[in-house]
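On a predicted model such as this, the values are computed, not experimentally measured, just so you know.
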Amino acid sequence: MKRVVLAETAGFCFGVNRAVDLTEQTIQRDGACVTLGPVIHNRHAVERLGARIIELPEEAEPGSRLIIRSHGVGRAVVEALEARRVEIIDATCPYVKKIHRIIETADQNGRRVMIVGQRDHPEVIAAGGWCSGPVVVETAAELEQWLQMEECPEKPLTVVFQTTYARANMEALRQILKKWCTSVEIFDTICDATSERQAEAASLAAISDAMIVIGDLTSANSRNLAAICAQYCPRVAFIESKADLDLGLFDGADTIGIVAGASTPAWIIKEVYQTMNDEILKATEETESTQLTETAELETEVTPAPMAEATTAPEDESFEALLEKSIKTLRTGEKVVGIVAAITPTEITIDLGTKHAAYIPVHELTDDPEVKVEDLIQIGGEVEAYVMRVNDVEGTVMLSKKRLDAGKFWDEIGAASDSRAVVEGVVTEENKGGVVVRVKGIRVFVPASQTGVPKDQPLDQLVGQKVKLRITEVNQSKRRVVGSIRAVGSELRKELAEKLWEGIEAGKRYLGTVKSLTPYGAFVDIGGVDGMVHVSELSWSRVKSPADAVKVGDKLEVYIISFDKEKQKISLGHKDPNLNPWKMFTDKFEKGAVTRVKVVKLMPFGAFAEVMPGVDGLIHISQISDRRIAKPQEVLSEGQEVDVQITDIDYDKKNISLSMRALFESPSGSAAASDAEQSGPDEIVYDTDIDKPEVEIEIEVPAEVEVEIEVPVEVAEEIDPVALAEEVITEAAAEEGEEA
């Protein structure tokens with residue numbers, strides 16, 4: 001063995017790290033912690049946390065505090081806990097939470113839900129609890145089999161994927177769904193961190209002679225990593241800890257790659273990585289020793305080396321002092337100073353000069369996600385940290401620099417509160433009634449009303465974002481800090497509004513953001529001020545509802561139509577005048593032109609048809625057919641495409657008259673009509689055009705009796721039209737007499 005390569009993405013993902021942090025904070029605050037199921041999918045990490053695990057909501061004590069695992073739970077579980085008045089600390093991964101919202105919305109809209117993933121996995125089970133009767137499939141073959149049995153799903157289908165599902169398998173399922181289903185929504189809910197791990201695992205396996213995959217054997221994402229590595233590398237060891245290592249598997253391997261699942265703690269990765277490096281060092285020393293022995297045997301003379309001088313301890317540190325320092329016992333909460341010995345993608349090794357192997361997980365270095373590790377510390381540099389956890393059995397100690405720094409920042413937070421200064425932080429979690437922002441390591445609670453997020457929108461959209469806020473309350477004795485994001489946003493918005501009103505003028509263009517929708521239009525923020533875009537101004541095409549054209553959060557180019565500074569009202573337009581459909585229509589068409597149109601609305605007096613997007617014409621009921629019809633629905637239906645002739649254009653009123661009947665009339669038909677006009681009052685003219693489904697016979701009778709007879713084509717030749725007409729006239733006259 002020559003080298004060991006550790007994947008950069010190895011270790012906790014954001015969601016797992018958040019769940020572990022919440023658990024540790026609860027234990028520090030309450031001295032104990034209860035979780036509903038293992039908080040993450042790694043038994044070693046769960047055992048080390050020391051939280052008490054229950055499996056059913058009924059096991060939770062009424063009024064107690066309980067942590068929801070990172071895989072989440074179904075709606076029924078949440079309701080059961082709330083019924084027992086249990087305070088819920090929700091550690092559900094934000095990516096999983098997003099799946100729950102998609103499923104719940106689809107179920108409310110009457111759509112059928114399909115979850116692609118491992119059906120016995122806690123995440124999939126929990127997701128299925130947010131709808132009624134979900135369909136769960138694991139493979140493309142299973143999906144195709146279900147579709148064949150189902151033939152065509154009765155309801156529209158909404159499809160989501162387990163966050164740890166292998167992205168390489170997703171495209172095959174997508175193609176099958178599009179082939180079989182006409183109304184399907186497919187949401188790519190695979191976690192980005194999972195995709196990055198899988199891609200790096202494939203790349204590393206391709207250049208390695210052997211691979212080590214570290215993770216819980218029941219973890220779906222770890223098993224997927226092992227399967228991916230096996231596709232590119234012939235030797236793959238899937239282990240949970242260094243105790244499972246079989247070093248014989250790596251004989252002759254020059255390059256060994258190490259990857260780890262999203263729930264694998266840093267200390268396990270470190271142990272495996274260190275063990276493999278120790279084996280390389282041991283093998284190298286044995287090789288060098290053998291080479292030295294062989295060289296010595298070839299020497300004919302051996303010159304004895306001079307005796308080395310005895311090394312003594314520094315005068316200021318006796319042997320007893322050094323020994324006492326090396327066996328010093330560390331305690332949780334203690335402040336220590338050490339030297340940075342090594343830096344890996346997941347942790348920083350610290351030399352404390354004691355028997356313990358100390359390390360700082362990368363996520364315990366700083367709260368600022370944009371700061372790089374190498375910008376904060378360097379190998380050989382001194383670092384001050386706070387002792388988080390000591391494991392005397394394993395000889396390890398976990399440190400935290402960000403939590404020690406947090407203690408130093410309390411004075412700064414107090415000063416910021418007094419001066420109303422603006423501070424920056426990162427939103428780390430959604431909490432009951434608001435969000436939590438980490439400001440220089442200090443936990444700041446921001447109530448929902450002070451987040452600036454509208455009531456109808458979820459707060460978890462802020463998680464992971466860097467925000468500016470103002471500190472409104474500080475209580476150091478209770479370790480309570482309250483802040484407001486909205487206050488900073490309001491002041492900034494006020495400054496932008498003043499600047500906008502100074503330079504506003506009709507026709508001026510802005511790039512705005514859609515803030516909210518109403519039945520009659522959309523409110524767009526153009527820089528501190530909201531303007532209204534009426535639904536008629538959203539598009540040249542027909543728009544029934546603003547939601548058909550835009551959605552909240554969309555960027556929209558708008559221009560000022562009118563404004564009132566006193567009333568602070570602005571009317572905005574979005575339609576581009578250069579794309580005016582009426583102008584495009586008049587440039588392309590003229591009276592007498594023939595074109596194909598789409599029926600968009602049926603009325604008692606005719607049908608409106610779309611000539612081109614944004615331009616409609618009317619086909620009057622008398623112009624739909626060459627025979628009399630009672631209503632347009634007898635011939636036309638909405639969405640149908642037909643050929644028409646443009647018979648009139650009113651340029652002032654922008655009205656267009658269309659005719660289907662004009663295209664039915666032929667030279668022979670005109671002649672027949674002419675003959676009918678010349679016929680005597682008692683003469684009957686009838687048409688037996690065999691291309692039509694029925695024959696129409698028109699009879700000229702006295703004005704007080706009007707009759708229309710439709711005769712099926714197949715019997716038209718067997719009927720005497722004159723006799724039939726006389727019989728119908730007699731019956732009609734009799735009915736008229738009875739009514740009188």
Examine the side chains of [X] and [Y] and answer whether a donor and an acceptor come within less than 3.5 Å of each other.
X: Q118; Y: D120; value: yes
X: T158; Y: E185; value: yes
X: H363; Y: N17; value: yes
X: T163; Y: E123; value: yes
X: S195; Y: R167; value: yes

Between [X] and [Y], which heavy-atom pair has the shortest distance, and what is it?
X: G483; Y: Q450; result: O-CB, 4.2 Å
X: K466; Y: E424; result: CE-OE1, 3.3 Å
X: V482; Y: V444; result: C-CG1, 3.9 Å
X: R486; Y: S449; result: NH1-O, 3.2 Å
X: T428; Y: F14; result: O-CZ, 4.3 Å
X: R75; Y: W130; result: NH2-O, 3.2 Å

Just verifying a value: how many Å separate [X] [atom1] and [Y] [atom2], rounded to the nearest 0.5 Å?
X: I67; Y: T23; atom1: CD1; atom2: OG1; value: 4.0 Å
X: E271; Y: L245; atom1: CD; atom2: CG; value: 10.0 Å
X: N431; Y: I89; atom1: CG; atom2: CD1; value: 8.0 Å
X: T35; Y: I53; atom1: OG1; atom2: CD1; value: 4.5 Å
X: L22; Y: I27; atom1: CG; atom2: CD1; value: 11.0 Å
X: I360; Y: S400; atom1: CD1; atom2: OG; value: 7.5 Å

Legend entry - Test applied, side chain to side chain contact (heavy atoms under 4.5 Å, CB included); reference residue, V116; option that passes from N169, I186, V159: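 Going through N169, I186, V159 one by one, the side chain to side chain contact (heavy atoms under 4.5 Å, CB included) with V116 is satisfied by V159 alone.
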
Looking at [Y], is its backbone amide N or carbonyl O close enough to the side chain of [X] to form a donor-acceptor pair, meaning the two atoms are under 3.5 Å apart?
X: S417; Y: G414; result: no
X: N221; Y: A262; result: yes
X: E384; Y: K401; result: no
X: T344; Y: E347; result: yes
X: E138; Y: R119; result: yes
X: R69; Y: A91; result: no
X: D90; Y: I68; result: no
X: R197; Y: T9; result: yes
X: Q162; Y: V124; result: no
X: R84; Y: A60; result: yes

Legend entry - Verdict with reasoning, E382 to I339, per side chain to side chain contact (heavy atoms under 4.5 Å, CB included): CA-CA 5 Å; E382 191 175 81; I339 304 299; 4.2 Å; yes

Legend entry - Distance under 6.0 Å and angle within 45° of ring axis: R48 vs W267: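 The answer is yes; both the distance and angle limits are met.
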
Inset, instruction - Could you check R43 against E240 for salt bridge (charged side-chain N to carboxylate O under 4.0 Å, His left out), going step by step and ending with a plain yes or no? - result: CA-CA 9 Å; R43 63 183 181 87; E240 290 191 345; 2.8 Å; yes

Inset, instruction - Walk me through it: do I471 and V481 pass the test side chain to side chain contact (heavy atoms under 4.5 Å, CB included)? - result: CA-CA 7 Å; I471 304 301; V481 183; 3.9 Å; yes

Legend entry - Test side chain to side chain contact (heavy atoms under 4.5 Å, CB included) applied to F238 and R223, step by step: CA-CA 8 Å; F238 184 14; R223 289 205 305 270; 3.8 Å; yes

Inset, instruction - Check step by step if salt bridge (charged side-chain N to carboxylate O under 4.0 Å, His left out) holds for R18 and E429. - result: CA-CA 8 Å; R18 175 174 171 271; E429 64 181 276; 5.1 Å; no

Legend entry - Worked check of side chain to side chain contact (heavy atoms under 4.5 Å, CB included) between D107 and N109: CA-CA 5 Å; D107 189 55; N109 293 336; over 6 Å; no

